[in-house]
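One structure below.
All figures in this text were calculated on a predicted structure; none of them were measured in a lab. Every chain is numbered from 1, with letters handed out A, B, ... down the list of sequences.
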Amino acid sequence: MSDGSDSDGGSLNFVEVHVEKDLADGRFDGRVQTRFPPEPNGYLHIGHAKSICLNFGVAKKYGGKCNLRFDDTNPTKESTEYVESIQDDIRWLGFDWGEEQLFASDYFEQLYAFAVQLIEKEKAYVCDLTAEDTREYRGTLTTAGRNSPYRDRSVEENVELFASMRAGEFPDGSRTLRARIDMASPNLNLRDPVLYRIMRATHHRTGDEWCIYPMYDFAHGQSDSIERITHSICTLEFENHRPLYDWCLDALEIYHPRQIEFARLNMTYTIMSKRKLLELVRDGHVTGWNDPRMPTIIGLRRRGYTPESLRSFCETIGVAKFNSTIERGVLENSVREHLNKVAPRVMAVLRPLKVVITNFPEGETELLDAVNNPEDPQAGTRQVPFSRELYIERDDFMEDPPKKFFRLGPGREVRFRYAFFVKCNEVVKDESGEVVELRCTYDPATRGGSAPDGRKVKGTIHWVSAADAVSAEVRLYDHLFRTENPEASEEGGGYQENLNPTSLETLSDCRLEPSLAVAEPGQRFQFERLGYFIVDSVDSSADGLVFNRTVTLRDSWAKIQRRKGK
RNA sequence: UCGGGGAUCGGCUAAAGGUAAGCUGCCUGACUUUGAAUCAGGUGACGAGGGUUCGAAUCCUUCUCCCCGAGCCA
């Protein structure tokens, strides 16, 4: 294909361009095999979702496979908790890596053999320099390094020493195995990089079997090679490592995949660093990796995001080498778009204001038909009870409203969704002057929401019947950070200075229409005129419903207000 | 300072020497029993200079700015 497009007419991202070129050149016998290689040292976040969609997506598009391989070469940071969460998250996202459980740690024996081969080829040596000395010998960005005094040990001595390293005869950090490349290389990764270090730590899979562990650079490429990966797709920061990736494979004379680097995802109002996300959890700024404010997959999931929305998000943002930052709103749009199609509509009042319909008979209830989802006729209808005492949203009433306020005010008439036209006659206040109740009349002739006399109302508001309402707690989430780029702090402090103090608002006195009484954890709804909400999977129970707001609806009224406020 | 990358509407991406396109945002308007959704229109870009060419976002060149790199992390 040379016109830059695929069969659907969509354009190719640059990775796919490279893959198609390789396919056309017969470079890997027409195979495409990718891999997603997380280190199990934290939970996956939306940035990983980009990589997952890319790797699994490219494999699928060209009839290949994508492996899930854990890059578990540093036992001090890794655990099975993370392994399991990563598998869960990938499955939930909708991807399948087959039955294989792949771990770099499964290749430790093979990797060790590779290292011995390198020694035998005089391309690696055991070095006794301390960590500090190693750094000092390495030189700087602008000055060449110096050869280690241990660089010219004999093959025999190196083989023996390396075996002793493995056998546990030396203390942690006392020796390393290094590649013999070029201490004067302008690429610091090539200045005799460390291949193995001595580290007594219990590995989550190999236990105490090993006391030496391979470095990323010596494990990753060879693991790719063993799995016969064709395209090893990673992020930009590994671009400087590619010469070393290639060097190892060439030195070993083994199958040689191609590494391609793309720009990782950055998003406004959040951070993507695993280390910093871990700090947020540890320091108690969030309730856990699954806090709905976290950019983690599990957090977004609990927040109410759908796998479809995350996948379509990854599709829209594209893949390139330019270091870009995606607006948070793009993510929000992706979930709105999906939920608009599938989420059942219900009425819920978050901040209740009592309304008494003075001309509606006491103790009576009228059942009204409401559409479950106007975007999906199959979803059918349900009945909602209307009675003398109702609740409406406090925001839907103003005592002294401007002309363009289409909701309730003294003397104004609006439509109560799916019910009647209602007119406000009287405003009741408490001693402090706060509005506590509205006394209104309804027009029985407008049942269902339209007037036989053809009169129109400008606004439609949601409501719930007071006697029939179910109570719930609703958690409203806002950006975790108050600045677009939390990493850039004004006072020179850390990103934590930019935490948004109002990122969570908990409303405990919400009233929902009765159909919600049986809502199950994980069920998603649109609360009409408010947003999309999900029953919390952790804290919600039958006698204590808890909802998380996934995202608000677009709100052009709020936008107008904001514009005026400026 | 050395090496490796990068720069196209406000944001994100296409254009593979031949009409700078799409999505999103923003602004209008239509419709509306969700100020939602939907629909229509508008706004708006090749980092700068030089060169090659009939023709350059694309090739060459100089410059500017940004990112990555001196872990026994990945």
Side-chain angles (χ1 to χ4, degrees), chain A residues 1-5 10-13 17 37-39 41 71-74 76-78 127 129-131 134-136 138-145 172-178 185-191 193-199 212-213 215-217 219-220 234-243 261 263 268 274-275 316-327 329-330 333 336-337 340-341 345 347 370-371 374-375 404-407 414-419 421 446 448-450 457-462 526-531 552-560:
Chain A
M1 254 174 262
S2 61
D3 64 347
S5 24
S11 59
L12 261 31
N13 65 50
V17 171
E39 183 189 14
N41 68 343
D71 227 327
D72 54 350
T73 56
N74 184 357
T76 62
K77 295 187 173 170
E78 299 151 5
C127 181
L129 251 24
T130 62
T134 304
R135 188 184 322 123
E136 205 247 311
R138 186 155 36 227
T140 70
L141 293 177
T142 49
T143 62
D172 284 11
S174 61
R175 285 184 161 91
T176 57
L177 181 75
R178 295 227 257 161
S185 171
N187 182 337
L188 305 222
N189 292 127
L190 262 21
R191 318 243 265 227
V194 171
L195 267 22
Y196 269 89
R197 72 284 216 193
I198 304 173
M199 178 163 52
I212 59 171
Y213 291 95
M215 298 286 290
Y216 165 85
D217 287 304
H220 197 87
C234 62
T235 46
L236 252 27
E237 67 268 29
F238 292 102
E239 213 154 18
N240 292 327
H241 291 249
R242 182 159 23 101
E261 311 85 10
T268 56
K274 264 201 233 178
R275 196 197 91 229
T316 25
I317 60 176
V319 178
K321 295 196 77 155
F322 175 57
N323 212 308
S324 62
T325 302
I326 308 294
E327 292 166 343
V330 177
N333 280 336
R336 283 195 187 101
E337 196 178 5
N340 175 49
K341 293 278 180 272
R345 272 59 167 173
M347 291 199 284
V371 174
E375 299 286 327
K404 300 291 276 271
F405 186 80
F406 301 146
R407 313 174 192 181
V414 299
R415 173 168 38 235
F416 277 32
R417 181 112 161 123
Y418 296 126
F421 285 11
T446 58
S450 50
V457 287
K458 194 68 183 144
T460 300
I461 66 174
H462 60 276
Q526 183 196 102
F527 290 0
E528 292 218 30
R529 303 208 307 133
L530 297 174
T552 61
L553 250 31
R554 275 207 191 85
D555 189 347
S556 55
W557 170 246
K559 197 192 285 179
I560 292 165

Study note, to complete from the structure: Sorted by position of nearest nucleotide on RNA chain B, 5' first, the leading residue of A320(A) and G139(A) is A320(A)
Revision key, fill the gap. Nearest-nucleotide check on RNA chain B, I461(A) vs K559(A); residue mapping nearer the 5' end is K559(A)
Are [X] and [N] close enough that a side-chain N or O sits under 4.0 Å from OP1 or OP2?
X	N	result
S556(A)	A36(B)	yes
T73(A)	A74(B)	yes
S11(A)	A21(B)	no
R197(A)	C73(B)	yes

Check your understanding: Quantified in whole Å, what is the P atom distance between nucleotide G10(B) and nucleotide G6(B)?
Key -> 23 Å
Between [N] atom [atom2] and [X] atom [atom1], what is the distance in whole Å?
X	N	atom1	atom2	value
N240(A)	G4(B)	CG	P	10 Å
I560(A)	G35(B)	CD1	P	12 Å
K458(A)	G35(B)	NZ	P	10 Å
N323(A)	C65(B)	CG	P	18 Å
E237(A)	G5(B)	CD	P	16 Å
R191(A)	C2(B)	CZ	P	14 Å

Review point. Dot-bracket, RNA chain B: Watson-Crick or G-U, under 3.5 angstrom, [ ] crossing, | other strand?
Key: .((((((..((((....[..))))((((((.......))))))...(((((..]....))))))))))).....
**Study point:** Donor-acceptor pair (no angle test) under 3.5 Å: E327(A) side chain, G10(B) base
**Key:** yes
Review point. Looking at A36(B), does its base get a donor-acceptor pair with the side chain of H462(A) below 3.5 Å?
Key: no
Point to revise | Under-4.0 Å salt bridge between E375(A) and K341(A) | key: yes
Practice item. Taking only Lys NZ, Arg NE, NH1 and NH2, and the carboxylate oxygens of Asp or Glu, determine whether E261(A) and K321(A) approach each other closer than 4.0 Å. Key: yes
To check you understand the geometry: which heavy-atom pair defines the closest contact between [X] and [Y], and what is its length?
X	Y	result
N187(A)	N240(A)	ND2-O, 2.9 Å
T76(A)	M199(A)	CG2-SD, 3.9 Å
R415(A)	G449(A)	NH1-O, 2.6 Å
I317(A)	V330(A)	CG2-CG1, 4.5 Å
D217(A)	H241(A)	OD1-ND1, 2.8 Å

Just call it for [X]: base, sugar-phosphate, or nothing, with non-hydrogen atoms closer than 4.0 Å on any strand.
X	value
N41(A)	nothing
H241(A)	base
Q526(A)	base
I326(A)	sugar-phosphate
V319(A)	sugar-phosphate

Study note, to complete from the structure: Assigned chi class of G4(B) under the 90° convention is anti
**Study point:** Ring-on-base stacking G6(B) with F322(A) (under 5.5 Å, under 30°)
**Key:** no
Exercise for review: State whether the aromatic ring of Y216(A) stacks on the base of A74(B), taking stacking to mean ring centres under 5.5 Å apart and ring planes under 30° to each other.
Suggested key: no
Check your understanding: Does any non-hydrogen side-chain atom of M215(A) lie less than 4.5 Å from one of L195(A)?
Key -> no
Check your understanding: So do L553(A) and R336(A) actually touch side chain to side chain, heavy atoms under 4.5 Å?
Key -> no
Revision key, fill the gap. Quick tally for nucleotides 37-44 of chain B: nucleotides whose base has a protein heavy atom under 4.0 Å get B, sugar-phosphate-only ones S, the rest -, giving S-------
Practice item. Determine, using ring centers only, whether F421(A) and F416(A) are less than 6.0 Å apart. Key: no
Practice item. Mind running side-chain contact (heavy atoms from CB on, under 4.5 Å) on N74(A) and R197(A) for me, showing each step along the way? Key: CA-CA 10 Å; N74(A) 184 357; R197(A) 72 284 216 193; 3.8 Å; yes
